[in-house]
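Note: hydrogens, waters and symmetry copies are ignored here, and every other heavy atom, side chains too, is used. Protein chains get the first letters and strands the later ones, always in sequence-line order, with residue 1 at the start of each.
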There are 2 protein chains.
Amino acid sequence: MRSDHDDETKDPTATVRIVDIARMAGVSTATVDRVIHRRGKVSAGNLARINEVLERVHYRPNLIARSLASGRQYVVAVVTPRFAEGEYWADFEAGIQRAEAEARRFNVVVRRFGFDQYDRSSFERLLELLRRESFDAAVLATLFAERVVPFTGELDRRGIPYVFVDSDLPECRRMAYFGTSSFDAGVVAARLLFERMEAGADIVVGNIRHRGEGGSNQCRERERGFRDYLARHDFGGRLLDVELRLDDEACNARTLDDLFARHPSIAGAVTFNSTCYILAGYLASRRRSEVRLVGYDVIERNRRMLSEGIVTALVAQRPEVQGYRGVMSLCAWLVEGVRPASVNNLPIDILVKENIAYYTNNII
Amino acid sequence: MRSDHDDETKDPTATVRIVDIARMAGVSTATVDRVIHRRGKVSAGNLARINEVLERVHYRPNLIARSLASGRQYVVAVVTPRFAEGEYWADFEAGIQRAEAEARRFNVVVRRFGFDQYDRSSFERLLELLRRESFDAAVLATLFAERVVPFTGELDRRGIPYVFVDSDLPECRRMAYFGTSSFDAGVVAARLLFERMEAGADIVVGNIRHRGEGGSNQCRERERGFRDYLARHDFGGRLLDVELRLDDEACNARTLDDLFARHPSIAGAVTFNSTCYILAGYLASRRRSEVRLVGYDVIERNRRMLSEGIVTALVAQRPEVQGYRGVMSLCAWLVEGVRPASVNNLPIDILVKENIAYYTNNII
DNA sequence: ATCGCAAGTGTGTGCGCACACACTTGCGAT
DNA sequence: ATCGCAAGTGTGTGCGCACACACTTGCGAT
């Protein structure tokens, strides 16, 4: 039996509700509501008193009740490349889907906006569409950095928060970034490739481009990290750049036959995007199993080449976690007003034949 | 303007509520509620009709509203070793805490029950306590397997679901397991240690025991996997078992000095629990940087030894994810009736100097 | 002197569901 | 013929909050 007036000495684990706040401050729940949601129209005295009470009792709104009562629905736009099954961005989508299922409970829905990652104009057209669309927050893949930057300026003006995935653009006012350090992902690849490699061995750097697009910001950063590692570890050999084609196996074979003929000391190879299966296919066909090969991303074709022992190691960046956390961070912001950490560098995973079986995209 | 009676042709995205079900089945919401919660006391005709409607419209209860209305609070017991800061189980606790914060929204609370992982009787006393405690589900660390097994029989009788973490005991009726394959974690360690090692090199196997306890089930499995890998890769050297002590550096140094003196061809070392920093400390003091050393778990002391280049690689098992998903899976079961996959083998992470900075326990 | 209006304030309703409680019906026992 | 009781069934309330709406107060303009 406790008296009714000692509101503040009661069970500290009991939840404090808006009605309790109202009673303590001597106002109605509507006035408390106005303060909580900064709707204005509250006298200075009441504002101060209510804020004081909110502070003192550490008021935590019941998000369940809030969500049920408000019915407010938020839309999170997800702007990423379209993909076919088994491609890199399919794993990303798996994370989005999981986030979508969880966020729905809080009246947050996801709308997807896809573009062709090999076609800049497709991205530009998408941005044009987004200018006319209405949404409350956005997850942006930063592949076309020079187009993303001005667009974020528009979002800033519209007051729409956004987070980046895939690679960071620190010059933008993004609420958060979820992804790996591309530079250090390059360092890791170098370590995996170079470890215990005899001095003077050469390394092939496979550049696989598409329709003449320049390499992505992310690939450039990885290559910087890679070269940085070599520079710090007295790598005595040469890096042999080679241009390969996405769809022309015969042409690639000729190019590589020629390269390997001219450089018999090649002991390793690397690609900085997710297409190392191309180099792997060549090495397998020529039975060059002594050549170490390191690439990026757990896409199906890379996975197979790794399992067969042709690829030495893959460096991966948890795309499903990027997708999941990208959406959920915005959900938390919209629903609870919780601001995420601004830079979230995800782990740079090392995958080899012996552990790849356990890296599947259904694990968040 | 749509007519009121065509309930089933209306907007398919509209949420179907209990009142809608009731109207379609020609009963009250209470009767629908009885069917949904299997409370009985419903005539066969109504039961069939309501179930038919539920099925047809794919009724999904609004968990938000359910949680708000029921006020039902579930208790998840978490039974794990006590720990000091920087120890392995502290990372596990980080995942528990994150899950706790999320689960609270659905009226699920976590109660922790700790034991001394080096003291079997402490675990037995805890089980005695748990027999008298009331909880709705449990997360169990399986360190003392032979004590866990009979206890789960009691839980089965009490109808309390439980999940395992750390290592699996497939013979129990656990609802799920979250953790790594200990066997394959041993395989991975062997791969990391043995890769490109000259044939005939010897490897030290450090056994660090505490108060005479036998090694854990998990450590034994890892060692099995390790030896299996070596057997399959014509390892020509010897495995040199050595007993080390947790608290006696001088004694360990004498033991190891003696071992290294007798076996000059030692090229590698491994431990199967999280105390490889002990071997690392020895190797650092003797400047044996050429000896490769592989161990388990990202605890603070191992992290330092890895960053300094003394430990070659660590194999890790995402304890924070084990804790998080262990709790959340039970939360989903209690609140939504969603049954988790029974075996959830988490990735076996490979950590080296170049990527360890990004493995921190605040990342789920 | 009255009116319009801005600034404040409170009441009441509903979000979808769970569940207490009251109630009806029909059958077997007396 | 009435009663007790089990089996069914429906009404009403509240979970904590958001917000529409009605209302009051006081001041400046006319």
Winner on side-chain proximity to A/K41, out of C/dG8, D/dG10, C/dG16, is C/dG8
Determine the contact category for B/D33: base if any of its heavy atoms lies under 4.0 Å from a base atom, sugar-phosphate if only primed atoms, P, OP1 or OP2 are that close, otherwise nothing.
base
Check if the side chain of A/R34 and the base of C/dG10 share a donor-acceptor pair of N or O atoms closer than 3.5 Å.
yes
The side chain of B/T29 is closest to which nucleotide in this list: C/dG12, D/dG10, D/dG12?
D/dG12
Taking all atoms of both residues into account, what is the closest heavy-atom pair of B/R82 and B/G114, and its distance?
NH1-O, 3.0 Å
If you find the nucleotide of DNA chain D closest to B/A65 and the one closest to A/R39, which residue's nucleotide is nearer the 5' end?
B/A65
Proximal nucleotide (of C/dC17, D/dC17, C/dG10) relative to the A/R17 side chain:
D/dC17
Using purine N1 to pyrimidine N3 plus N6-O4 or O6-N4 for Watson-Crick, or N1-O2 and O6-N3 for G-U wobble, both under 3.5 Å, which nucleotide pairs with D/dC19?
C/dG12
Output yes when B/E128 and B/R125 qualify as a salt bridge under the 4.0 Å nitrogen-oxygen rule, no when they do not.
no
Is A/V27 touching bases, backbone alone, or none of the nucleic acid, heavy atoms closer than 4.0 Å?
sugar-phosphate
Given the rule in the ring pair (Phe, Tyr, Trp, His ring centres under 6.0 Å) test, do B/Y162 and B/F164 qualify, once you have shown the distances and angles that lead to the verdict?
CA-CA 7 Å; B/Y162 49 93; B/F164 289 154; 5.7 Å; yes
Need the pair for D/dC27. Rule: Watson-Crick or G-U wobble, both distances under 3.5 Å, any strand; none if unpaired.
C/dG4
Flag if over 12 foreign heavy atoms under 6.0 Å of CZ, A/R173
no
Let me spell it out: for each of A/V42 and A/S70, pick the nucleotide of DNA chain C with the closest heavy atom. Which residue's pick is nearer the 5' end?
A/V42
